[in-house]
Amino acid sequence: MISFRQKGDFSKLTRYLERVREAVHLGNLDKYGKMGVDALKSATPVDSGKTADSWYYEIENSKDGATISFNNSNINRGVNIAIILQYGHATGTGGWVEGRDYINPAIQPIFDEIAEKAWEETRRL
């Protein structure tokens, strides 16, 4: 027969994780929202400029953390234009317009900076 015994608890780990959660303040998330909108606006392919000017962000705070969402409000006939620029779309004559990956390269440096700031604060503990 095999048996295991465990002595103690996870209180030290729990305390550490609580300190990490309290310590990781990403500052003003509005800063990252504005940076993201600026990056997306400058990377968006421009015809009329309406799609580039339609980027905005939303921050949602909850007890588990914060979420920052980047959105585009340029909708034409129920279709989000930023999405079809990214992924491509069919034409009315049966053709296909290839998409261009402009969102991911534009926003990735912002996500990297957020992650780096969080990691810096975690290492300080």
Should we count CD of Glu120 as having more than 12 external heavy atoms under 6.0 Å? yes

Gap between atom CG of Leu40 and atom OH of Tyr57 - 0.5 Å precision: 13.0 Å

Measure the CZ-CG distance between Phe111 and Asn104 for me, rounded to the nearest 0.5 Å. 8.5 Å

If I take atom OG1 from residue Thr44 and atom NZ from residue Lys50, how far apart are they, to the nearest 0.5 angstrom? 14.0 Å

OH/Tyr87: more than 12 non-hydrogen atoms of other groups inside 6.0 Å: no

Provide the closest heavy-atom pair for Leu29 versus Ala66 in the form atom of the first, atom of the second, distance. CD1-CB, 3.5 Å

Between Ala43 and Ala106, the two heavy atoms sitting closest are CB-CB, 3.6 Å

What residue pairs, at least two apart or across chains, pass salt bridge (charged side-chain N to carboxylate O under 4.0 Å, His left out) with a residue in residues 88-110? none

Among Thr67, Asn71, Ile68, find the one that has a side-chain contact (heavy atoms from CB on, under 4.5 Å) with Glu58. Asn71

If we only count heavy atoms from C-beta on, is the Ile59 to Asn61 side-chain gap below 4.5 Å? yes

dist Asn74:CG -> Ile83:CD1 (nearest 0.5 Å) comes out at 11.5 Å

Nearest heavy-atom pair of Val37 and Trp55: which atoms, and what distance? CG1-O, 3.8 Å

Give, for atom CG of Asn72 and atom CD1 of Ile103, the distance between the pair rounded to the nearest 0.5 Å. 8.0 Å

What are the two closest heavy atoms between Ile107 and Phe70, and how far apart are they? CD1-CE1, 3.7 Å

Within the side chain of Gln86, is there an N or O that forms a donor-acceptor pair under 3.5 Å with the backbone of Gly99? no

